[in-house]
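For reference, the structure is listed below as structure tokens.
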Amino acid sequence: MNTKQFKVGKLEILNIKLINPSAINRAIDDSHVNKFEAKLSKFGWMDVIKVDNQNNLLEGHHRYYAAIKGKQTTVPVYVVTWLDNLTEKERLKIILEYNASSLNWKNEDYLEKYAEIDQSYATALGKHKEYSTNLSTGTILNLYMNYQKNKFRAGSCVLRTGEMPDYLANELSNLVKSYTKKKAQSYCLREVVKVCQISNSLDACKHILKRYTDMLKYDHKLLTSIADFRPHINDVLSEYLQLTND
């Protein structure tokens with residue numbers, strides 16, 4: 001019988017001054033720190049902080065700051081002994097893997113943190129700041145990155161190049177301004193983006209956007225159902241291809 005061998009670290013009680021909090025962790029939530037301090041005061045340490053071989057903090061930043069706030073001098077740590085001499089990007093990936101499930105990291109959090117070490121993410125973050133008033137994070141990521149959830153959260157997405165992302169971002173943002181988010185809903189915008197990217201043609205995009213604008217203008221019934229809107233907007237692209245091939 002084959003059994004998988006898991007890597008095992010070691011438990012230690014460590015002077016809190018020896019722990020190195022990570023600058024690439026998500027921003028600390030003071031209310032979360034306060035909750036942990038209250039739990040520590042009531043129950044003590046029921047979970048440990050995780051560090052690598054150099055005492056770089058991997059998971060447990062809020063507990064760490066709660067311990068400091070409670071004036072503790074030592075903390076229980078689990079040393080992940082097999083992690084040694086990590087690059088910033090490697091450490092960031094581990095921090096994200098550890099923390100995402102417990103604090104419900106959003107795409108904005110991944111984008112902001114990877115932007116510190118990856119130019120594609122940094123550029124996409126700039127576009128997010130520029131367009132987020134009118135466009136959802138999902139729409140922006142589909143516009144500017146080869147977005148797939150797992151690849152994005154692993155820091156593996158790359159930036160889309162060419163004129164199309166900026167052209168679509170401007171046009172869609174203006175449509176939202178004109179017709180509001182209630183009518184120009186994010187799920188429809190993302191489908192428009194996907195179909196335009198499939199076309200790989202600015203002329204096709206202009207045709208698709210014109211038809212989508214007409215739908216918004218006349219309150220087309222298909223706007224209220226993604227199941228109905230998706231095939232319809234794909235048919236618009238097929239219509240354009242047929243017209244250009246005739």
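For reference, positions follow the sequence shown, starting with 1.
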Inset, instruction - Kindly compute the distance separating CZ (Arg63) from CG (Leu40), expressed to the nearest 0.5 Å. - result: 8.5 Å

Inset, instruction - Indicate yes or no: at least one non-hydrogen side-chain atom of Leu143 is less than 4.5 angstrom from one of Lys127. - result: no

Inset, instruction - Please answer: with hydrophobic residues joined when any side-chain heavy atoms are less than 4.5 Å apart, are Tyr218 and Phe229 in the same cluster? - result: no

Inset, instruction - Would you check if Lys181 and Ser186 make a side-chain contact, meaning some heavy-atom pair closer than 4.5 Å? - result: no

Inset, instruction - Over all heavy atoms of both residues, which pair between Val33 and His62 is shortest? Give the atoms and the distance, please. - result: CG2-CD2, 3.7 Å

Inset, instruction - Would you please classify the geometry between the Tyr114 ring and the Tyr121 ring as parallel, tilted or perpendicular, with 30° and 60° separating the classes? - result: tilted

Inset, instruction - Show your working on side chain to side chain contact (heavy atoms under 4.5 Å, CB included) between His207 and Glu239 and close with a plain yes or no. - result: CA-CA 10 Å; His207 176 82; Glu239 172 191 86; 2.9 Å; yes

Inset, instruction - Enter the distance from Met215:CE to Lys221:NZ here, rounded to the nearest 0.5 Å. - result: 10.5 Å

Inset, instruction - Among Asn142, Ile140, Leu172, Leu168, find the one that has a side-chain contact (heavy atoms from CB on, under 4.5 Å) with Leu189. - result: Leu172

Inset, instruction - Might you confirm whether atom NZ of Lys149 has over 12 heavy atoms from other residues, nucleotides or ligands at distances under 6.0 Å? - result: no

Inset, instruction - Apply the test side-chain hydrogen bond (donor to acceptor under 3.5 Å, both in side chains) to residues Thr123 and Gln119: give CA-CA distance (whole Å), side-chain angles for both, the deciding distance (0.1 Å), then the verdict. - result: CA-CA 6 Å; Thr123 301; Gln119 187 55 50; 3.2 Å; yes

Inset, instruction - Taking all heavy atoms of Leu125 and all of Ala115, pick out the closest pair and write down the distance. - result: CD2-CB, 3.7 Å

Inset, instruction - Measure the spacing between CD of Gln54 and CG of Asn20 and express it to the nearest 0.5 Å. - result: 9.0 Å

Inset, instruction - Find out if a path of hydrophobic residues (ILVMFWY) with successive side-chain heavy-atom gaps under 4.5 Å connects Met46 to Val77. - result: no

Legend entry - Matching residue for Lys210 among Asp214, Thr213, Ile208 - test: side-chain contact (heavy atoms from CB on, under 4.5 Å): Asp214

Legend entry - side chain to side chain contact (heavy atoms under 4.5 Å, CB included) between Leu175 and Leu216, intermediate numbers included: CA-CA 9 Å; Leu175 285 176; Leu216 292 170; 4.2 Å; yes

Legend entry - Val158 with Leu141, same ILVMFWY side-chain cluster at under 4.5 Å: no

Inset, instruction - Quick one: pull up OG in Ser199 and CG in Leu237 and give me the separation to the nearest 0.5 Å. - result: 6.0 Å

Legend entry - Geometric cation-pi criterion, Lys39 with Phe36: 6.0 Å, 45°: yes

Legend entry - Test log, rule side chain to side chain contact (heavy atoms under 4.5 Å, CB included), inputs Leu83 and Asn53: CA-CA 6 Å; Leu83 295 177; Asn53 247 343; over 6 Å; no

Legend entry - Heavy-atom side-chain contact between Val75 and Tyr64 under 4.5 Å: no

Inset, instruction - Output the distance between atom CG (Leu58) and atom CD1 (Ile19), rounded to the nearest 0.5 Å. - result: 11.0 Å

Inset, instruction - Name the orientation class of the two ring planes belonging to Tyr144 and Tyr131 (parallel below 30°, tilted from 30 to 60°, perpendicular beyond 60°). - result: parallel

Inset, instruction - Compare all side-chain heavy atoms of Glu37 with those of Tyr65 and state whether any distance is below 4.5 angstrom. - result: no

Inset, instruction - Please name the pair of heavy atoms, one in Met164 and one in Ser201, separated by the smallest distance, quoted to 0.1 Å. - result: CE-N, 3.4 Å

Legend entry - Taking every non-hydrogen atom, the tightest pair across Pro165 and Thr161: CD-O, 4.0 Å

Legend entry - Lys35, NZ atom: more than 12 neighbouring heavy atoms under 6.0 Å: no

Inset, instruction - For residues Glu59 and Ile49, report the shortest heavy-atom separation together with the two atoms involved. - result: O-CG2, 3.5 Å

Inset, instruction - Compare every heavy atom of Arg230 with every heavy atom of Asn234, then report the nearest pair and how far apart it is. - result: ND2-O, 2.8 Å

Inset, instruction - Could you tell me whether the side chain of Val80 reaches within less than 4.5 Å of the side chain of Lys7, counting heavy atoms only? - result: no

Inset, instruction - Could you state whether Val8 and Leu11 fall into the same hydrophobic cluster, counting links through intermediate Ile, Leu, Val, Met, Phe, Trp or Tyr residues with side-chain heavy atoms under 4.5 angstrom apart? - result: yes

Legend entry - Separation between CD of Gln185 and CZ of Arg190, rounded to the nearest 0.5 Å: 10.0 Å

